[in-house]
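Comments concern the structure below.
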Amino acid sequence: MDSNFKNVFGNTKPAIAMVHLPALPGSPLHDGKGGIDAIVESSRRDLAALQAAGFDAVMFGNENDRPYELQVDTASTATMAYVIGCLRAEMSIPFGVNVLWDPMATIALAAATGAAFVREIFTGVYASDMGVWSPDAGKAIRYRNALGRSDLAVLFNISAEFANSLDRRTLADRARSTVFSSLPDAVLVSGQITGEAADSDELASVKAVLPDTPVLANTGVKHETVADIFKIADGCIVGSSLKVDGDTWKPVDADRAADFMARVRASRGN
C-alpha cells in the first residue's frame, strides 16, 4: 500500500516544506507588473532556503490563487509547469505538486514535471467556501496510471480546509474507509484553514486505525509543536511556520527554516 511513499521517502518520517508560488496569471492577486519572472524568482529564493535547511522534500502549490477554484484554469497549471521547469535543475531533493483544489490538474502537472508525489482532496463530499466539493478519486487515480505514473505517490488530505465534511462518520472511520476503497499512499490530517493545526486527538485517532499507512500532519505544524507531532505522525507538511514572522504570504525565513529542521532531526533522533 505504501510502496510509492517509501520509494520517495524511505523509512524517514519526512518533513515536506511548501514552496508557495505567488498568485498566478488570471487570479485576482496576480502581480501583472512583475509577471511570470517574479513568480520564478520568488520560488527560486524559497526553494534555495528550504534545501539549505535540509528538508526532505518540497511541494509546489498555488496557495495564493484566491478565491480558490475546484476546476482551475488551464493557465494556472501551465504556469506552474513553467516555473517548476525553470527550477528543475536546481532541485536536489524530491518534489511534489498541489494545484488547489483540482485533483485532475494536480495529476497532470505531476506527470508533466516529473514530480514524485502529489497532495489533494481526492475523496469525500464537503460544504465549502467554493460550493459543494465532491472529488472523484477513482477518476484521478485512473488518470495517474493512464499517464504512465503508477509510481506517483498520492497523499490524500482527508480533512479538507475551508470546508465541512457532509459525511457524519468520524474522521478515523473515514480514513480507514479511504484506505480500503481508494488506495492512498499516505493520509493527511489538516486544520480548518492554511496555517492552523490539526487536532492532535484526531491525528492520533487516524494513526491508531491506520498502523500500516503513513499518516502526516498537513497544516499548522510549528517549531514548538513538531516534536510532539512526530511522536504521533509519520511526518509533516509545513509552510507558514517557515515564513518571515510565520506569515503564510511572506518569503521563507532561512533561519526559521533551519531551526525547524534542527528540531525535526532531534525528534527523529538524527
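Just so we're clear, the structure is a prediction, and the values are computed from it rather than from any experiment.
In this view, Thr113 and Ala81, Ile84, Phe95, Val97, Leu109, Ala115 satisfy the side-chain contact (heavy atoms from CB on, under 4.5 Å) rule, not counting sequence neighbours. In this structure Tyr126 satisfies the ring pair (Phe, Tyr, Trp, His ring centres under 6.0 Å) test together with Trp133, sequence neighbours excluded. For Asp259, the side chain to side chain donor-acceptor pair (under 3.5 Å) partners two or more places apart in sequence, or in a different chain, are Arg263. Remark: Asn218 engages Arg119, Ser190 in a side chain to side chain donor-acceptor pair (under 3.5 Å) (not counting sequence neighbours).
Side chain of Asp245 to backbone of Asp247: no donor-acceptor contact under 3.5 angstrom is found. Panel note: side chain Asp102, backbone Ala105; a donor-acceptor pair is recorded below 3.5 Å. Checked by atom type and distance alone, the side chain of Arg149 never pairs as donor or acceptor with a backbone atom of Ala146 at under 3.5 Å. A donor-acceptor pair under 3.5 Å is formed between the side chain of Asp185 and the backbone N or O of Val154. In this structure, the side chain of Ser182 does not engage the main chain of Pro184 through any donor-acceptor pair within 3.5 Å. Using modelled atom types, one side-chain atom of Thr178 and one backbone atom of Arg174 make a donor-acceptor pair closer than 3.5 Å. Here the side chain of Ser43 pairs a donor or acceptor atom with the backbone of Ile39 at under 3.5 angstrom. In this structure, Arg176 contributes its side chain and Val209 its backbone to no donor-acceptor pair below 3.5 Å. Between the Asn4 side chain and the Ser150 main chain, a donor and an acceptor come within less than 3.5 Å of each other. Side chain of Ser27 to main chain of Leu24: a donor-acceptor pair is present (N/O by atom type, distance under 3.5 Å, no hydrogens or angles).
Residue pairs meeting the ring pair (Phe, Tyr, Trp, His ring centres under 6.0 Å) criterion with at least one partner in residues 190-244, sequence neighbours excluded, are His223-Phe260. Sorted by first then second residue, the ring pair (Phe, Tyr, Trp, His ring centres under 6.0 Å) pairs that include residues 6-35, not counting sequence neighbours, are Phe5-Phe9, Phe9-Phe117.
Taking 4.5 Å as the limit, every side-chain heavy atom of Ile16 sits out of range of all side-chain heavy atoms of Val58. Counting heavy atoms from C-beta on, the side chains of Ile141 and Leu183 never come closer than 4.5 Å. Looking at heavy atoms from C-beta onward, Ser76 lies in side-chain contact with Asp65 at the 4.5 angstrom threshold. A 4.5 Å side-chain heavy-atom check between Glu161 and Gln192 finds every atom pair outside the cut-off. No side-chain heavy atom of Val189 sits less than 4.5 Å from a side-chain heavy atom of Leu216.
Within the cation-pi definition used here (under 6.0 Å to the ring centroid, within 45° of the axis), Arg66 qualifies as a partner of Trp249.
Atom-to-atom distance recorded for Thr79:OG1 and Asn62:CG is 10.0 Å, nearest 0.5 angstrom.
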CA sep, side-chain torsions, deciding dist, call: Val118, Ile107, side-chain contact (heavy atoms from CB on, under 4.5 Å): CA-CA 7 Å; Val118 297; Ile107 296 291; 4.1 Å; yes
Evaluation steps, side-chain contact (heavy atoms from CB on, under 4.5 Å), between Leu242 and Phe55: CA-CA 11 Å; Leu242 311 178; Phe55 279 89; 3.5 Å; yes
Evaluation steps, side-chain contact (heavy atoms from CB on, under 4.5 Å), between Val40 and Leu87: CA-CA 8 Å; Val40 173; Leu87 303 178; 4.3 Å; yes
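Ile158 and Leu203 fall within a single hydrophobic cluster, where Ile, Leu, Val, Met, Phe, Trp and Tyr side chains are chained together by heavy-atom contacts under 4.5 Å. When the side chains of ILVMFWY residues are joined at heavy-atom separations under 4.5 Å, either directly or via intervening members, Met91 and Met261 end up in a single hydrophobic cluster. Under the 4.5 Å side-chain heavy-atom criterion for ILVMFWY residues, a single connected hydrophobic cluster contains both Val221 and Phe156. Taking hydrophobic clusters as Ile, Leu, Val, Met, Phe, Trp and Tyr residues chained together by side-chain heavy-atom distances below 4.5 Å, Ile193 shares a cluster with Ile121.
Here Asp37 does not pair with Arg44 in a salt bridge; the nearest charged N to carboxylate O distance is not below 4.0 Å. A salt bridge links Asp234 with Lys207: at least one charged nitrogen is closer than 4.0 Å to a carboxylate oxygen. A salt bridge links Arg169 with Asp167: the distance from a Lys NZ or Arg NE/NH1/NH2 to an Asp or Glu carboxylate oxygen falls below 4.0 Å.
Side-chain polar atoms of Thr194 and Glu63 form a donor-acceptor pair below 3.5 angstrom. The closest side-chain donor-acceptor pair between Asn98 and Glu120 falls under 3.5 angstrom.
Classification of the Tyr68-Phe162 ring pair by plane angle, with boundaries at 30° and 60°, yields tilted.
Surrounding CD of Glu224 are more than 12 heavy atoms belonging to other residues, nucleotides or ligands, all under 6.0 Å away. More than 12 heavy-atom neighbours from other residues, nucleotides or ligands sit within 6.0 angstrom of CD on Glu69.
In terms of heavy-atom proximity, Ala233 sits nearest to Ala217 at CB-N, 4.1 Å.
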